[in-house]
Amino acid sequence: DTGVSQDPRHKITKRGQNVTFRCDPISEHNRLYWYRQTLGQGPEFLTYFQNEAQLEKSRLLSDRFSAERPKGSFSTLEIQRTEQGDSAMYLCASSLASGAGRYEQYFGPGTRLTVT
Amino acid sequence: AQKVTQAQTEISVVEKEDVTLDCVYETRDTTYYLFWYKQPPSGELVFLIRRNSFDEQNEISGRYSWNFQKSTSSFNFTITASQVVDSAVYFCALSELGGKSTFGDGTTLTVKP
């Protein structure tokens, strides 16, 4: 079990540029989540997938954000036309949804985005 | 809508003291799951404990214990005999049936030697 991995770990970009982040979940996990965390706050939900289906997207999420999980394995999160307010840590998590009532999420190390 | 409140922003204790972190939640769901996560200075969130809404039995796991009270919508977490390595930000989270989790804003615990 190699855990959740994210790439890149750090990204600095200029306002207006597009950025894409990748997340590789724990291999047997069928659910994958994206969160955003800013300093002093808890993670804020962005979207999540079960296999390749995107089941929920935050209403607070701008149309500039899009996520995919094309084959039900890794996922990408793209931010178009970045703004300084997008600067944050982007966290990916995965879980195994089952009838056993577990559902805890395992988090990756995050991608820290800085928009200048 | 779901909401998680961690009223304690920061707690400081001396090593070997017991410390309790408070968590109060709001949800309309009858089935839900509660979690505690730890975020050490290195930054990666680590899952600690889980409790299902239909199971109010409180448990102890090593130095960790938790007190789940549905009547007061509270899910408090206690570390017994705290150690310096316990210093971290602790988050309480609420989830419905494996969907999104709603997190509190965290409690920063500092354990001094």
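The basis for the numbers below is simple: all heavy atoms, side chains too, and nothing from hydrogens, waters or symmetry mates. Residue numbers start from 1 in every chain, and the chains themselves are labelled A, B, ... in the order their sequence lines are given, proteins ahead of strands.
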For [X], is it the side chain, the backbone, both, or neither that has a heavy atom closer than 4.5 Å to a heavy atom of chain B?
{"X": "A/L46", "value": "neither"}
{"X": "A/Q41", "value": "both"}
{"X": "A/Q37", "value": "side chain"}

- Message: For a 4.5 angstrom cut-off between non-hydrogen side-chain atoms, does B/F103 reach A/Y35?
- Response: yes
- Query: Is there a side-chain contact between B/Y37 and A/P43, using heavy atoms and a 4.5 Å cut-off?
  - Reply: no
- Path from A/Y33 to B/L94 over hydrophobic side-chain contacts below 4.5 Å: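 Different clusters: A/Y33 never reaches B/L94 through Ile, Leu, Val, Met, Phe, Trp or Tyr contacts under 4.5 Å.
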- Message: Minimum heavy-atom separation for A/Q105 and B/S101, please, with both atom names.
- Response: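 Smallest interatomic distance, heavy atoms only, reads NE2-OG, 3.2 Å.
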Roughly how far apart are [X] [atom1] and [Y] [atom2], rounded to 0.5 Å?
{"X": "B/Q2", "Y": "A/F45", "atom1": "CD", "atom2": "CZ", "value": "10.5 Å"}
{"X": "B/L34", "Y": "A/E104", "atom1": "CG", "atom2": "CD", "value": "12.5 Å"}
{"X": "A/Y48", "Y": "B/S95", "atom1": "OH", "atom2": "OG", "value": "8.0 Å"}
{"X": "B/K100", "Y": "A/L55", "atom1": "NZ", "atom2": "CG", "value": "12.5 Å"}

- Looking only at heavy atoms, which of residues 72-80 of chain A get nearer than 4.5 Å to chain B? none
